[in-house]
Enquirer: 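Provided herewith is a single structure, encoded as structure tokens, for subsequent inquiry.
Quick note: residue numbers are just sequence positions, from 1. All heavy atoms count here, side chains included; hydrogens, waters and symmetry mates do not.
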Amino acid sequence: MSNVFVSKHPILKQKISELRRASNTPRQVRELTDTIGRLLMYEATLTLPLAATTQEQSPVGSYEGQKIAIRQALIPILRSGLSLLNAASDLLHDAEIRHLGLFREESTLQPVEYYNKLPRQCNVDECIVLDPMIATGGTAEAAIEILQGWGVPKIKFVAVCVSRQGIEMLAKKFPEVEFYVAVVDEVLDKRGFVVPGIGDCGDRLNNTA
């Protein structure tokens with residue numbers, strides 16, 4: 001899976017261990033997810049191209065300014081993807097923010113699209129999709145296909161916890177997409193839950209369990 005990048009950062013591994021705890025409050029879940037998101041976004045943006053801007057002045061001399069050279073959009077998958085948005089937008093403050101609404105139907109485990117306000121014409125060079133969990137991979141697959149149909153040249157996907165089954169399926173089907181993840185868990189149970197996983201992110205984040 002050459003297009004899957006699993007973080008080796010020791011602080012991130014500690015934060016994942018803390019996030020798994022069933023006793024966490026919604027506030028703790030939100031804070032931990034945000035911290036993990038910041039570490040993952042650092043890795044997802046390491047190869048962004050730069051362009052020179054203008055000559056600037058520091059307190060002791062002149063220098064050539066730099067900025068990110070491509071247009072980007074952040075795509076949180078509603079609703080749990082919003083937990084990663086602050087981390088992403090704090091780093092990429094010039095990026096557009098576009099939302100996709102997708103949920104997994106409980107009986108079939110198939111994705112259902114309920115919100116999509118993408119412009120008619122694609123106006124960015126890269127999309128970074130934000131979703132804490134990849135289980136079966138169906139929701140991520142649907143999101144990627146929507147964005148490819150929109151015509152975006154480059155897609156990156158940032159996720160906190162993924163199942164091996166789900167990420168292997170996605171990596172094989174979309175070799176051109178880069179996946180940045182914190183942890184890969186081996187077990188996907190009959191209900192479509194990742195084990196040990198991090199639970200139902202939407203419910204844990206929003207105190208609706």
Side-chain angles (χ1 to χ4, degrees), residues 1-16 18-19 27 30-78 80-100 117-132 134 140 143-144 146-148 150-162 167 170-171 174-184 205:
M1 298 190 294
S2 61
N3 56 332
V4 178
F5 304 91
V6 183
S7 177
K8 298 179 181 179
H9 201 299
I11 293 177
L12 194 148
K13 292 182 182 298
Q14 175 180 309
K15 294 299 180 182
I16 286 290
E18 294 171 359
L19 180 60
R27 177 179 177 179
R30 288 191 291 268
E31 290 174 348
L32 287 163
T33 303
D34 180 79
T35 300
I36 292 166
R38 291 175 192 277
L39 292 166
L40 288 173
M41 281 300 300
Y42 171 81
E43 299 191 13
T45 54
L46 273 174
T47 59
L48 289 178
L50 289 169
T53 56
T54 59
Q55 286 294 314
E56 304 282 352
Q57 189 71 28
S58 81
V60 294
S62 63
Y63 68 96
E64 186 176 66
Q66 293 182 311
K67 68 175 183 178
I68 303 302
I70 60 174
R71 300 166 299 169
Q72 295 169 298
L74 303 173
I75 315 287
I77 304 300
L78 301 176
S80 58
L82 293 173
S83 64
L84 298 169
L85 182 57
N86 283 346
S89 60
D90 281 353
L91 288 179
L92 300 173
H93 47 79
D94 290 328
E96 295 184 4
I97 298 174
R98 302 288 182 180
H99 301 83
L100 286 178
K117 289 293 185 180
L118 294 173
R120 185 179 299 274
Q121 297 294 326
C122 178
N123 59 344
V124 296
D125 304 302
E126 177 179 278
C127 286
I128 300 179
V129 185
L130 308 170
D131 197 358
I134 293 176
I144 292 168
I146 289 169
L147 293 173
Q148 288 182 334
W150 187 41
V152 66
K154 176 73 175 179
I155 299 172
K156 295 177 180 177
F157 204 110
V158 172
V160 174
C161 180
V162 306
I167 197 64
L170 292 168
F174 304 108
E176 70 283 3
V177 176
E178 296 176 3
F179 298 88
Y180 294 86
V181 305
V183 64
V184 179
L205 288 161

Enquirer: Report the distance from atom CD of Q14 to atom CG of L32, rounding to the nearest 0.5 Å.
Expert: 9.5 Å

Enquirer: For R30, enumerate each residue passing the salt bridge (Lys or Arg N to Asp or Glu O under 4.0 Å) test, keeping only those at least two apart in sequence or located in another chain.
Expert: none

Enquirer: Suppose we screen for ring pair (Phe, Tyr, Trp, His ring centres under 6.0 Å). Which residues come up paired with F5, at least two apart in sequence or across chains?
Expert: Y180

Enquirer: Applying salt bridge (Lys or Arg N to Asp or Glu O under 4.0 Å), can you list everything that pairs with E178, at least two apart in sequence or on another chain?
Expert: K154

Enquirer: Evaluate the side chain to side chain donor-acceptor pair (under 3.5 Å) criterion for residues E43 and S7: first the C-alpha distance (whole Å), next the side-chain angles of each, then the deciding distance (0.1 Å), finally the verdict.
Expert: CA-CA 8 Å; E43 299 191 13; S7 177; 2.8 Å; yes

Enquirer: Are the charged groups of E126 and K156 less than 4.0 angstrom apart, N to O?
Expert: yes

Enquirer: Using the side-chain contact (heavy atoms from CB on, under 4.5 Å) rule, take Q148 and E176 through it: C-alpha gap first, then chi angles, then the decisive distance, then the call.
Expert: CA-CA 11 Å; Q148 288 182 334; E176 70 283 3; 2.5 Å; yes

Enquirer: Restricting to non-hydrogen atoms, name the atom on S83 and the atom on P132 that form the minimum distance, rounded to 0.1 Å.
Expert: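 So the two residues come closest at OG-CG, 3.5 Å.
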
Enquirer: State the CD-OG1 distance between Q66 and T53, to the nearest 0.5 angstrom.
Expert: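 It comes to 7.5 Å.
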
Enquirer: Check the pair L84, D34 against side-chain contact (heavy atoms from CB on, under 4.5 Å), reporting the backbone distance first and the verdict last.
Expert: CA-CA 6 Å; L84 298 169; D34 180 79; over 6 Å; no

Enquirer: Mind running side-chain contact (heavy atoms from CB on, under 4.5 Å) on W150 and N123 for me, showing each step along the way?
Expert: CA-CA 10 Å; W150 187 41; N123 59 344; 3.9 Å; yes

Enquirer: Mind listing the closest non-hydrogen atom pair of Y42 and L91 along with its distance?
Expert: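 Taking every non-hydrogen atom into account, N-CD1, 4.1 Å.
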
Enquirer: Take L92 and L48, measure what side-chain contact (heavy atoms from CB on, under 4.5 Å) needs, and give me the verdict at the end.
Expert: CA-CA 11 Å; L92 300 173; L48 289 178; 4.0 Å; yes

Enquirer: Counting C-beta onward and ignoring hydrogens, is there a side-chain heavy-atom pair between L85 and L130 closer than 4.5 Å?
Expert: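 Answer yes - side chains close enough.
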
Enquirer: Is it true that atom CD of Q121 has more than 12 heavy atoms of other residues, nucleotides or ligands lying nearer than 6.0 Å?
Expert: no

Enquirer: CG/L74 to CD1/I128 distance, rounded to the nearest 0.5 angstrom?
Expert: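 Reported value, rounded in 0.5 Å steps: 6.0 Å.
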
Enquirer: Would you give the length of the straight line joining atom CD of Q72 to atom OG of S89, rounded to the nearest 0.5 angstrom?
Expert: 12.0 Å

Enquirer: Heavy atoms only: give me the nearest A182-L12 pair and the separation to one decimal.
Expert: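 Smallest interatomic distance, heavy atoms only, reads CB-CD2, 3.1 Å.
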
Enquirer: Indicate yes or no: at least one non-hydrogen side-chain atom of D131 is less than 4.5 angstrom from one of S80.
Expert: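 Yes - at least one pair of side-chain heavy atoms lies under 4.5 Å apart.
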
Enquirer: Between I11, V160, V183, V158, which is the residue that forms a side chain to side chain contact (heavy atoms under 4.5 Å, CB included) with I36?
Expert: V160

Enquirer: For V124 versus P153, what's the shortest heavy-atom pair and its separation?
Expert: O-CD, 3.5 Å

Enquirer: Are the side chains of I75 and H99 in contact, using a 4.5 Å heavy-atom criterion?
Expert: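 Counting from C-beta outward, H99 and I75 never come under 4.5 Å.
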
Enquirer: To the closest 0.5 Å, what do you measure between CZ (R27) and CG (L205)?
Expert: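 Going from CZ on R27 over to CG on L205, the span is 14.5 Å.
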
Enquirer: Counting C-beta onward and ignoring hydrogens, is there a side-chain heavy-atom pair between N86 and R38 closer than 4.5 Å?
Expert: yes

Enquirer: Between R98 and A73, what is the shortest heavy-atom contact and its length?
Expert: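 Closest pair (atom of R98, atom of A73, distance): CG-CB, 4.4 Å.
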
Enquirer: What's the separation between atom CG in L82 and atom OG1 in T33, rounded to the nearest 0.5 Å?
Expert: 12.0 Å

Enquirer: State, without any angle test, whether T54 and E56 hold a side-chain donor-acceptor pair at a distance under 3.5 Å.
Expert: yes

Enquirer: Answer whether the closest heavy-atom distance between the side chains of I146 and L118 falls below 4.5 Å.
Expert: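 Yes, close enough: below the 4.5 Å cut-off.
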
Enquirer: Would you say V129 and L147 make side-chain contact, with heavy atoms under 4.5 Å?
Expert: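 Yes. Closest side-chain heavy atoms under 4.5 Å.
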
Enquirer: Can you name the nearest heavy-atom pair linking F179 to F174, along with the distance?
Expert: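 Shortest heavy-atom contact: CE1-O, 4.2 Å.
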
